[in-house]
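Just so you know, these numbers come straight off a predicted model, no measurement behind them. All values below come from the heavy atoms of this structure, side chains included, with hydrogens, waters and symmetry mates left out.
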Amino acid sequence: MDSALAQPASVFTPTYRPLAIAYWLLAVAGMVFLMVVVGGITRLTESGLSITEWNPVSGAIPPLSHEQWQHAFDLYKQTPEYREINGPAGMDLAQYKFIFFWEWVHRLIGRLIGLVFALPLLWFAVRRAIPKGYGWKLVALLLLGGSQGLLGWYMVMSGLVDRTDVSHFRLSAHLLLALFIMAALIWTALDLRHLAKTGENRPARLTRPALVTGAILFVQLLLGAWVAGLNAGYVASDWPLMQGKLVPDGIDWALGAGWAFTHDPYLLHFLHRWWAWVVVAALVVFARKVKALDRPAARAIHIAFGTQILLGIATVMSGMTIVLAVCHQAVGALVVASVTWGANSFGRRA
């Protein structure tokens, strides 16, 4: 017998584990989804500016003593949000602890995602279990996750000096990057699952129908983030009309169309409502294309956007009830996930 064949395999012998890596990536995608949901709660409870320092390691531990809580509260008292809104409203330490909790949980989930991604990635790399062509993709996902943390702090910084809230531009960038990371995790996991099932290392390609659908969906997600950042959901609680009219009163064109289309809450709310039907049409067409290749993915797309439309209407008519608004954002993320699934299937078999 050849002596080389008789030797036991070492930890450096390539033993690819595409299915294990796929399940790990899907678990991380689930955690990103959870972070998006908690991020929605953080925004709706006006908790995002409660922690005024960025300490990636020590910040994982919340204040444990009364003195530490008072110190954190004193730092928050220096923000415009406290001076102009919560301070005059009579916020006390107990109320501060409530908003601190949601921001701390949001950041904690981000830290956990970093660990849950980085440590297994290191283990898979040492075991040489990462299939060819996927190492750089996993490293890119790790770097995207790190940039998301930096972008989150950049967003918070915008509300600590001259504003009582964060920039809606930075808020939208933070949310859209999170959704992109979730989609990239799902896409890569589906490619790896296909490799494990068939033995073919043939990643799906991004097709033109998927790109067009994704672009239309991107516009709606961007509008939704701006509506959230500007509290534009509160300007009307009737549907399908706004304040009893198709086009609402109150749109301010004084600073030009460019400003109105990026800052005016009435106009952005109007656009978010009606662009939704463009999204529905695009998703119906895309789901029909996917159906012939992956019926479950097509069904998931229909269920996700149908639920999202109903939740959007209910959220508006309820006067922006927090539970409905959070569900609206959560299902928006599921729409992204279902479209990613469909696009991956279509890109592999079309």
Side-chain angles (χ1 to χ4, degrees), residues 2-36 56-57 60 108-152 176-207 210-211 214 293-294 296-297 300 333-334 336-350:
D2 192 315
S3 60
L5 295 177
Q7 293 178 356
S10 72
V11 295
F12 298 105
T13 301
T15 307
Y16 299 141
R17 301 285 301 279
L19 192 58
I21 296 174
Y23 286 143
W24 160 58
L25 293 179
L26 289 175
V28 177
M31 294 182 70
V32 175
F33 169 77
L34 176 62
M35 191 170 187
V36 170
V57 178
L108 180 64
I109 295 172
R111 292 181 174 95
L112 291 176
I113 290 173
L115 290 175
V116 170
F117 193 91
L119 295 181
L121 174 60
L122 179 61
W123 188 88
F124 284 125
V126 169
R127 299 289 298 182
R128 300 183 67 181
I130 301 173
K132 292 181 180 179
Y134 284 91
W136 72 268
K137 295 179 181 178
L138 298 179
V139 171
L141 286 169
L142 179 65
L143 294 176
L144 280 174
S147 67
Q148 175 71 336
L150 292 172
L151 183 57
L176 291 172
L177 181 56
L179 295 174
F180 177 80
I181 291 171
M182 184 187 71
L185 288 164
I186 294 171
W187 186 283
T188 307
L190 292 173
D191 281 347
L192 285 164
R193 192 175 68 172
H194 177 77
L195 170 60
K197 182 179 180 180
T198 66
E200 297 180 358
N201 195 347
R202 186 170 60 89
R205 61 189 180 89
L206 196 56
T207 62
L211 284 171
L293 305 169
D294 193 334
L334 294 180
V336 173
S338 65
V339 170
T340 302
W341 178 10
N344 185 272
S345 297
F346 189 74
R348 188 180 315 286
R349 303 179 190 177

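To the nearest 0.5 Å, the span separating CG on L206 from CG on N344 amounts to 10.0 Å. If you take CD1 on I130 and OG1 on T15, they are separated by 12.5 Å, rounding to the nearest 0.5 Å.
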What pairs of donor and acceptor atoms, side-chain ones from residues 108-126 against any protein atom, are under 3.5 angstrom apart with sequence neighbours left out?
unit_1: R111; atom_1: NE; unit_2: P56; atom_2: O; d: 2.6
unit_1: R111; atom_1: NH2; unit_2: N55; atom_2: O; d: 2.8

Ignoring hydrogens and angles, write down the donor-acceptor pairs under 3.5 Å from the side chains of residues 134-142, residues two or more places apart or on other chains.
unit_1: W136; atom_1: NE1; unit_2: G133; atom_2: O; d: 3.1

Would you give me the side-chain donor-acceptor pairs under 3.5 Å for residues 25-33, sequence neighbours excluded?
none

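The side-chain contact (heavy atoms from CB on, under 4.5 Å) test applied to S338 returns A300, I301, A304, not counting sequence neighbours.
Heavy atoms only, all atoms of each residue included: S345 and L293 are closest at O-CD1, 4.4 Å. Considering all non-hydrogen atoms of both residues, T207 and G347 come closest at CG2-CA, 3.8 Å. Considering every non-hydrogen atom in both I21 and A129, the closest pair reads CD1-O, 3.5 Å.
Applying the salt bridge (charged side-chain N to carboxylate O under 4.0 Å, His left out) test to every pair with at least one member in residues 177-193, sequence neighbours left out, gives these pairs: D191-R348. For residues 179-202, no pair satisfies ring-ring contact (aromatic ring centres under 6.0 Å, His included), with sequence neighbours left out.
Between W341 and L190, the closest side-chain pair of non-hydrogen atoms falls below 4.5 Å.
In this structure, the side chain of N201 does not engage the main chain of P131 through any donor-acceptor pair within 3.5 Å.
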